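Notes to accompany the following structure.
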Amino acid sequence: MIENLVIVESPAKAKTIEKFLGKDFRVISSFGHIRDLAKKNLGIDINNNFTPDYEIPKEKLKVVAELRKAAAESKYIWIASDEDREGEAIAWHLAAVLKLDLSSARRIVFHEITKEAISNAIQNPRKVDMNLVNSQQARRILDRLVGFEISPVLWKKVQPALSAGRVQSVAVRLIVEREREIISFRTESFFKVNAIFNIDPSKDENSKIRAEASKKFPAEKEALKFLEVCKDSVYSVADVNVKPGTKSPAPPFTTSTLQQEAYRKLGFSVAQAMAVAQKLYEAGKITYMRTDSTSLSKLALARSREVIISEFGEKYSKTRQFKTKSKGAQEAHEAIRPAYMDAHEVSGTQNEKKLYELIWKRTIASQMSDALVEKTTISISMSNSPVTFSSVGEVVKFDGFMKVYSESADYENGDDEKYIIPPVNKGMRLFYTTISATRKFTNPPPRYTEASLVKKLEELGIGRPSTYAPTISTIQNRGYVSREDRQGEKRQITVLTLTKGNVATSSRTEITGKEKSKLFPQDIGMIVNDFLIENFSEIVDYNFTAEVEEQFDKIAVGKLDWTGMLNDFYSSFHKTVTETLEKRNRKTGVRILGNQPDTGEQVSVKMGRFGPVAQIGETGNDKKPRFASLPKNLLLETITLDEALNLFRLPRSLGEYEEEEMIVGTGKFGPYIKYKGKFYSLKKGSDDPYTLTLERGVEIIKEKVENDSRKILKDFGDIKLIKGRYGPYLTKEKQNYRLPKGTDPEKLTKEDCIGIIGRSVKPEKST
DNA sequence: CAGTGAGCGAGCTTCCGCTTGACTT
């Protein structure tokens with residue numbers, strides 16, 4: 001019999017706490033929630049005041065059995081789930097499942113995992129807060145109602161197996177609307193004038209001043225005219241303005257800011273950042289990684305100060321506590337920080353080291369002094385034009401936190417390069433070295449990355465630290481959006497350059513529209529989004545979550561009855577659901593593009609059973625319509641008649657090679673070549689199935705054959721050792737076999753392989 | 001694995017938030 005049992009949510013936390021609490025205490029974990037609404041059906045008795053039907057999910061049965069056993073063996077049970085809405089609900093479910101008396105259950109909370117905070121908590125137990133629990137029940141039930149009533153409407157009116165929800169549908173909406181802004185964006189061009197001035201024309205580069213003209217010119221003609229004016233102008237310094245300023249460090253990481261910086265600085269996907277952070281957390285190297293709080297424990301503040309003073313000196317230290325400002329933050333945990341501030345680096349994989357270093361730097365920087373900068377602006381006047389030039393330079397007088405870490409921006413703008421301005425005085429005469437007018441283009445708004453989408457969701461107060469990564473997976477898994485690259489296109493840039501009294505015209509190429517790992521909406525995402533906006537505008541409104549959160553907050557403080565709140569919401573919501581089912585037609589995103597020039601048949605596109613298709617002709621006529629699937633880079637919304645007609649040119653023959661016909665087509669996995677009964681994928685972006693030549697086709701086939709042969713480590717005839725994604729494996733007659741642990745693939749003989757295959761029992765295919 | 005697009009319709013799909021594994025061809 002152990003005197004005391006403490007239940008926390010996370011096993012790693014349990015391990016740490018147990019160390020603080022002596023041998024009268026046993027600490028175990030519930031692994032998060034232990035009960036949820038029934039998996040099948042709605043799980044809510046609507047006609048009985050929204051009574052929830054809770055059940056223990058199958059995968060939680062084992063944990064619950066262990067909890068029950070431990071509870072039976074203990075005299076006192078302390079429920080130490082997190083101090084937020086979900087944590088309170090977990091406490092309540094634990095009390096119910098372990099049959100604890102609610103009036104006497106010992107509910108404790110602590111924000112920091114320190115001996116002091118924990119003993120303090122043990123000395124001040126309280127009861128389970130039913131108002132807070134009820135606000136969680138309202139949240140849970142509302143989400144179930146929204147998800148489980150709207151999704152079936154989509155199955156009927158759009159396509160099976162689709163989904164909608166308070167969080168995911170807004171995430172999709174953001175991406176769809178951004179894409180439409182990009183589609184409707186019209187690029188404009190203008191000429192920007194940059195100059196390099198010199199203090200003394202006989203001297204060298206050290207006295208160079210880079211400046212930009214205050215005026216932009218709409219076209220080449222005007223830009224050229226201005227350069228002609230520049231030719232004969234006298235330039236002088238009209239003003240020198242020196243302004244001191246300070247820069248402050250960013251707060252320590254929350255889940256959202258960690259995901260953003262891990263993407264910007266390390267190129268991690270949101271899911272990858274979380275997986276690596278989880279490893280660091282489990283190894284006891286960082287604090288909890290799912291948090292919305294920027295606050296640091298007193299201990300962390302003190303330790304950071306020690307580290308900063310010993311490494312950089314007293315004047316680099318400035319202890320700060322940051323206030324969390326994100327909407328709906330619950331602050332059950334600390335910010336994400338190193339568990340031990342004096343550990344600069346950790347052992348582990350490359351990614352673990354890199355992410356840890358980022359967390360260490362961010363945390364330390366947050367406790368360092370402001371940087372002092374001096375911003376100098378020179379304005380330069382012209383003798384024969386009202387246009388002025390200005391040059392901006394920034395000098396760091398004291399680096400402060402910048403010694404360690406600076407936050408990155410989402411979209412780097414490229415030409416704000418910093419440089420040091422040479423000393424100049426007002427009235428000083430300047431001489432131009434070169435003045436150039438360069439054609440520039442306005443850019444459409446940027447597409448979201450996973451990380452910038454998380455940032456936006458957090459700003460809107462939608463979703464929680466534990467759901468950002470799963471939400472982004474969900475909207476991709478449903479096919480609503482897709483993370484993709486784009487090659488971009490070349491465009492010519494005209495540059496007019498004035499040097500030594502002569503204007504020369506040149507041109508250079510730049511790439512525009514290049515994208516890497518950006519979120520693109522898919523046709524089905526756009527159709528579902530439009531359907532939801534037409535029929536459930538309240539739910540997909542950007543403010544919906546904020547509005548219901550306000551009500552949950554009222555429930556949490558006892559100012560609003562939770563079942564009443566649900567009733568108000570549901571009565572109008574459910575009416576919308578039934579009306580939509582009754583009155584709305586199926587939505588296919590159909591567009592009629594025009595007619596086939598030769599036959600006059602109608603050409604249209606729509607979402608078909610197996611995805612987006614182009615169609616020539618109509619059903620119900622004598623002549624059956626012809627169909628062609630849309631490739632990934634064309635949207636139903638923007639495809640043109642010519643693009644649609646083009647799709648019907650495939651598959652086509654490239655001619656014969658060694659007396660066998662080579663066919664190029666496009667299928668389930670993109671464009672391919674079929675030759676001698678085998679398929680070869682075309683290179684993404686560089687090979688176009690419409691213009692591919694026989695010669696290139698032969699090349700592709702040869703490359704593939706060569707690549708495949710490199711994957712074969714050993715060839716024993718019918719048995720081959722292949723280099724695969726998860727390490728080497730054996731293959732025989734299209735069956736694959738794993739190597740037993742500890743096998744050295746270098747030393748495998750054919751006999752060894754036969755043995756491994758003989759001993760391996762193929763498990764039944766499971767899902 | 002590189003297709004499919006007639007119509008009927010059984011039985012299935014689905015939410016958000018807490019937490020980690022077990023396992024991968």
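Keep in mind the model is a prediction, meaning the values are calculated, not measured. Every chain is numbered from 1 and lettered A, B, ... according to where its sequence line falls, protein lines coming before strand lines.
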- Query: Tell me: CD of A:Q330 to P of B:dG17, nearest whole Å?
  - Reply: 10 Å
- Note on the structure: Taking B:dA2, B:dT20, B:dA6 as options, the one with an atom nearest any side-chain atom of A:F31 is B:dT20
- Query: Which part of the nucleic acid, if any, lies within reach of A:Y468 when heavy atoms closer than 4.0 Å are counted: base, sugar-phosphate only, or nothing?
  - Reply: nothing
- Task: Assess whether atom NZ of A:K587 is packed by more than 12 heavy atoms of other residues, nucleotides or ligands within 6.0 Å.
- Result: yes
- A:F610 stacking on B:dT4: centroids under 5.5 Å, ring planes under 30°? yes
- Message: Over all strands shown, is A:R35 touching base, sugar-phosphate only, or nothing at heavy-atom distances under 4.0 angstrom?
- Response: nothing
- Which part of the nucleic acid does A:T474 contact within heavy-atom distance under 4.0 Å: base, sugar-phosphate only, or nothing? sugar-phosphate
- Would a distance-only check, ignoring hydrogens and angles, find a side-chain to backbone donor-acceptor pair under 3.5 Å from A:E55 to A:A38? no
- Query: Which part of the nucleic acid, if any, lies within contact of A:S10, taking any heavy atom under 4.0 Å across all strands shown: a base, the sugar-phosphate backbone alone, or nothing?
  - Reply: sugar-phosphate
- Message: Any side-chain to backbone donor/acceptor pair from A:R586 onto A:K156? Under 3.5 Å, distance only.
- Response: yes
- Could you give the CG-to-C1' distance, from A:L67 to B:dC18, as a whole number of Å? 14 Å
- Task: Would you mind reporting whether A:E459 and A:K327 have side-chain heavy atoms less than 4.5 Å apart?
- Result: no
- Taking all atoms of both residues into account, what is the closest heavy-atom pair of A:L37 and A:P52, and its distance? CD2-CB, 3.6 Å
- Please report the C-alpha distance between A:S604 and A:R591 in whole Å, then the side-chain angles of each, then the deciding distance to 0.1 Å, and finally whether the side-chain hydrogen bond (donor to acceptor under 3.5 Å, both in side chains) criterion is met. CA-CA 6 Å; A:S604 62; A:R591 278 178 65 223; over 6 Å; no
- Identify whether any heavy atom of A:G463 sits under 4.0 Å from a base atom; if not, whether one sits that close to sugar-phosphate; answer base, sugar-phosphate or nothing. sugar-phosphate
- Note on the structure: From NE2 of A:H33 across to C1' of B:dC16 the rounded distance in Å is 9 Å
- Minimum-distance nucleotide to A:P11 side chain [options: B:dT19, B:dG17, B:dC15]: B:dT19
- Message: B:dC18, OP1 or OP2 - any side-chain N/O from A:S466 closer than 4.0 Å?
- Response: yes
- Query: With sugar-phosphate meaning primed atoms plus P, OP1 and OP2, does A:S30 contact a base, only sugar-phosphate, or nothing at under 4.0 Å between heavy atoms?
  - Reply: nothing
- For B:dG9 and B:dT13, measure between their C1' atoms and round to the nearest Å. 16 Å
- A:F679 ring over B:dC1 six-membered base ring, under 5.5 Å and 30°: no
- Task: Report the distance from atom CG of A:L650 to atom P of B:dG3, rounded to the nearest whole Å.
- Result: 11 Å
- Query: Can you check whether A:R144 has a side-chain N or O nearer than 4.0 Å to OP1 or OP2 of B:dT14?
  - Reply: no
- Item | Short side-chain to backbone donor-acceptor contact, A:T287 and A:A335, under 3.5 Å | yes
- What nucleic acid atoms does A:G617 come within less than 4.0 Å of, heavy atoms only: base, sugar-phosphate, or nothing? nothing
- Item | Nearest to side-chain heavy atoms of A:S629, which nucleotide of B:dG5, B:dC16, B:dC18 | B:dG5
- Item | Of the listed nucleotides B:dG5, B:dT13, B:dT20, the one nearest the side chain of A:Y281 | B:dT20
- Query: Touch check for A:Q136, heavy atoms < 4.0 angstrom, all strands: base, sugar-phosphate only, or nothing?
  - Reply: nothing
- Can a cation-pi geometry be assigned to A:R478 and A:Y480, taking NZ or CZ under 6.0 Å from the six-membered ring centre and within 45° of the ring axis? no
- Item | Interatomic distance where CZ belongs to A:F573 and P belongs to B:dC15 [whole Å] | 13 Å
- Take atom CD of A:E83 and atom P of B:dG17, then tell me their distance rounded to the nearest Å. 20 Å
- Query: On a plain distance test, is the side chain of A:T666 in donor-acceptor contact with the base of B:dA2 below 3.5 Å?
  - Reply: no
- Provide, to the nearest angstrom, the distance between the CG atom belonging to A:L37 and the C1' atom belonging to B:dC18. 14 Å
- Message: As a test of reading the structure: which of B:dT19, B:dT14, B:dC16 is closest to the side chain of A:D82, going by heavy atoms?
- Response: B:dT19
- Query: At under 4.0 Å, does any side-chain N or O of A:K40 touch on OP1 or OP2 of B:dT13?
  - Reply: yes
- The answer to which of A:F627 and A:D84 contacts DNA chain B further toward the 5' end, by nearest nucleotide, is A:F627
- Item | Side-chain ion pair, A:R140 and A:E86, N-O less than 4.0 Å | no
- Query: Can you list, by residue number, the residues of residues 162-172 of chain A that have a non-hydrogen atom closer than 4.0 angstrom to DNA chain B?
  - Reply: A:L162, A:S163, A:A164, A:G165, A:R166, A:V167, A:Q168
- Message: Can you see if the side chain of A:S151 gets near the phosphate of B:dC15 - specifically, an N or O under 4.0 Å from OP1 or OP2?
- Response: no
- Query: Is A:R139 side chain donor-acceptor paired with the B:dC16 base, going by distance under 3.5 Å alone?
  - Reply: yes
- A:R140, nearest nucleotide to its side chain (from B:dC16, B:dT20, B:dC18): B:dC16
- Let me know the distance between CH2 of A:W155 and P of B:dG11, rounded to the nearest Å. 15 Å
- Note on the structure: Residue pair A:I462/A:F148 against DNA chain B: nearer the 5' end by closest nucleotide is A:F148
- Salt bridge between A:D36 and A:K60, side-chain N to carboxylate O under 4.0 Å? no
- Query: So what does A:R609 touch, heavy atoms closer than 4.0 Å: a base, only the sugar-phosphate, or nothing?
  - Reply: base
- Message: Among B:dT13, B:dT19, B:dA2, which nucleotide has an atom closest to any side-chain atom of A:Y672?
- Response: B:dA2
